[in-house]
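Before any comments, here is the structure.
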Amino acid sequence: MSETILLSSPDALIQVAQRGAVRVLTLNRPAALNSFTQALHVELRVALDAAAAEPAVRAVLVTGAGRAFSAGQDLNDPAMAPGVDGKPDIGAVIEKNYRPLALRLQSMPVPVVCAVNGVAAGAGANFALCCDIVLAARSASFIQAFSKIGLIPDCGGTWLLPRLAGRARAMALALTGDKLSAADAERFGLIWQVVDDAELQTQALALADKLAAMPSAALVATRRAFDAAQSMSLADALSLEARVQGELGRAHDFAEGVAAFQQKRPAVFKDR
Ligand code: T3D
C-alpha cells in the first residue's frame with residue numbers, strides 16, 4: 001500500500017490525505033472542538049466532492065483533530081448573527097450547509113467510515129451518524145445538544161435517530177440533550193463499534209481499507225436500497241432488490257467475484 005500523501009496544508013480546516021485507496025478527511029479546528037463554520041462547510045463540501053470524483057478513491061474516512069470530533073455548529077460564527085429582521089436565519093444555514101452535507105454523504109459513490117475520536121455534539125453528532133459505518137473511541141460521547149439551545153435535531157437527526165435507536169431512545173436523547181457514552185451509543189445501535197482510544201485510527205483505517213477492496217458499487221447500492229426501503233412496503237422492497245440485483249448481476253464485479261471464488265483467488269473489483 002502506498003504511503004499517506006498529504007493533499008492539503010496542515011492548517012486547512014479540512015486536512016485531506018490519501019492512504020492507498022482511502023481518502024482521509026480530518027476536521028481541523030481543534031481549538032473550537034472542530035465546530036462548523038461557513039468556511040469549514042465549504043472546505044468539507046469541496047473535499048467530499050473531490051473524493052467522489054476521483055476514481056482512485058474507493059473509501060472515505062472522516063475523523064477529527066484534537067480531543068473532539070465536532071461540537072456542531074460554531075455558535076460564534078457570523079452565520080449565526082442577526083439577519084435583516086434582527087434575528088438569525090438558522091433555517092437558511094441548514095438549507096445552505098447541513099442539508100447538502102447530509103445528502104452528499106447519502107449519495108457518496110464509495111463507503112464512508114467515521115472515526116469519532118471525542119465528543120460529537122449537535123450537528124457534529126448527526127454528521128457522524130450520516131456516515132455508513134461509525135466507530136468511536138471508548139472516551140468519545142454523543143450529545144443531541146440542540147434542545148439546550150431551543151432547537152431540534154438537524155443534519156438528518158430527525159430522520160436518523162428514531163431509525164437507528166428507536167423512537168423511545170431518540171426522544172429521550174433529543175429532549176434531554178444528555179451526553180451518551182460511546183459504549184451506550186453502540187448498545188443503542190447508533191454506531192457500529194467502540195474501540196480503545198489508542199486503536200481508533202488504526203482500526204478505522206483497517207476497516208476503510210477493507211471496504212476499499214470490496215465491490216464499491218454493491219456497497220453503495222446496499223446503502224441506497226436500505227434508505228429507499230425505509231418508506232416502502234415489503235413487496236416494493238422486494239421489487240427494488242430484484243431490479244438492483246439485476247443491474248449488479250450484469251456488472252464486472254459480480255462476474256469477477258464469482259470467478260475469484262471459483263478459482264480460489266482474491267477478487268479484483270473495479271466498479272464504482
Ligand atoms: O446555525 C445554526 O445553529 C444551525 C445549526 C445548528 C446545528 C447545531 O449543531 S446546534 C448545536 C451546537 N452545538 C452545541 O450547542 C454544543 C456546544 N458545546 C458544548 O456543549 C461543549 O463545548 C461540549 C459538550 C461539546 C464540550 O464540552 P467541554 O467541556 O469538553 O469543552 P468546552 O470547554 O465547553 O469547549 C472548549 C472550547 O470549544 C471553548 O472555547 P474556549 O473557551 O476554550 O475559547 C468553547 O467555547 C468552544 N466550543 C465548544 N463548542 C463550541 C465552541 N465554540 C463555538 N461553537 C461551539 N459549538
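Since the model is a prediction, treat every value here as computed from it, not as a measurement. First listed ligand is number 1; within each ligand, the first listed atom is number 1.
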> Does atom 43 (O) of ligand 1 have any protein heavy atom closer than 4.0 Å?
Replying inline: no
> Considering only heavy atoms, which of Lys96, Arg67, Gln73 lies nearest to atom 33 (O) of ligand 1?
Replying inline: Arg67
> If hydrogens are left out, which of Asn76, Asn126, Leu33, Leu75 has an atom nearest to atom 55 (N) of ligand 1, that is, the closest non-hydrogen atom?
Replying inline: Leu75
> Any sub-3.5 Å donor-acceptor pair from Ser216's side-chain atoms to Val110's backbone N or O?
Replying inline: no
> Which ligand 1 atoms, with their elements, are less than 4.0 angstrom from a heavy-atom of Ile94?
Replying inline: 4 (C), 5 (C)
>> Does atom CZ (Phe254) have a neighbourhood of more than 12 heavy atoms from anything else shown, all under 6.0 Å?
In response: no
>> Can you report which non-hydrogen protein atom sits closest to atom 39 (C) of ligand 1, along with the distance?
In response: Ala31 O, 4.8 Å
>> Parallel, tilted or perpendicular: which one describes the rings of Phe36 and Tyr98, with boundaries at 30° and 60°?
In response: perpendicular
> Just which atoms of ligand 1 are under 4.0 Å from any heavy atom in Ile149?
Replying inline: 10 (S), 11 (C)
>> More than 12 heavy atoms of other residues, nucleotides or ligands under 6.0 Å from CH2 of Trp192: yes or no?
In response: no
> So which of Ala120, Ala123, Ala71 gets nearest to atom 18 (N) of ligand 1, if we judge by its closest heavy atom?
Replying inline: Ala71
> Any idea which protein heavy atom is nearest atom 2 (C) of ligand 1, and the distance to it?
Replying inline: Met80 SD, 3.3 Å
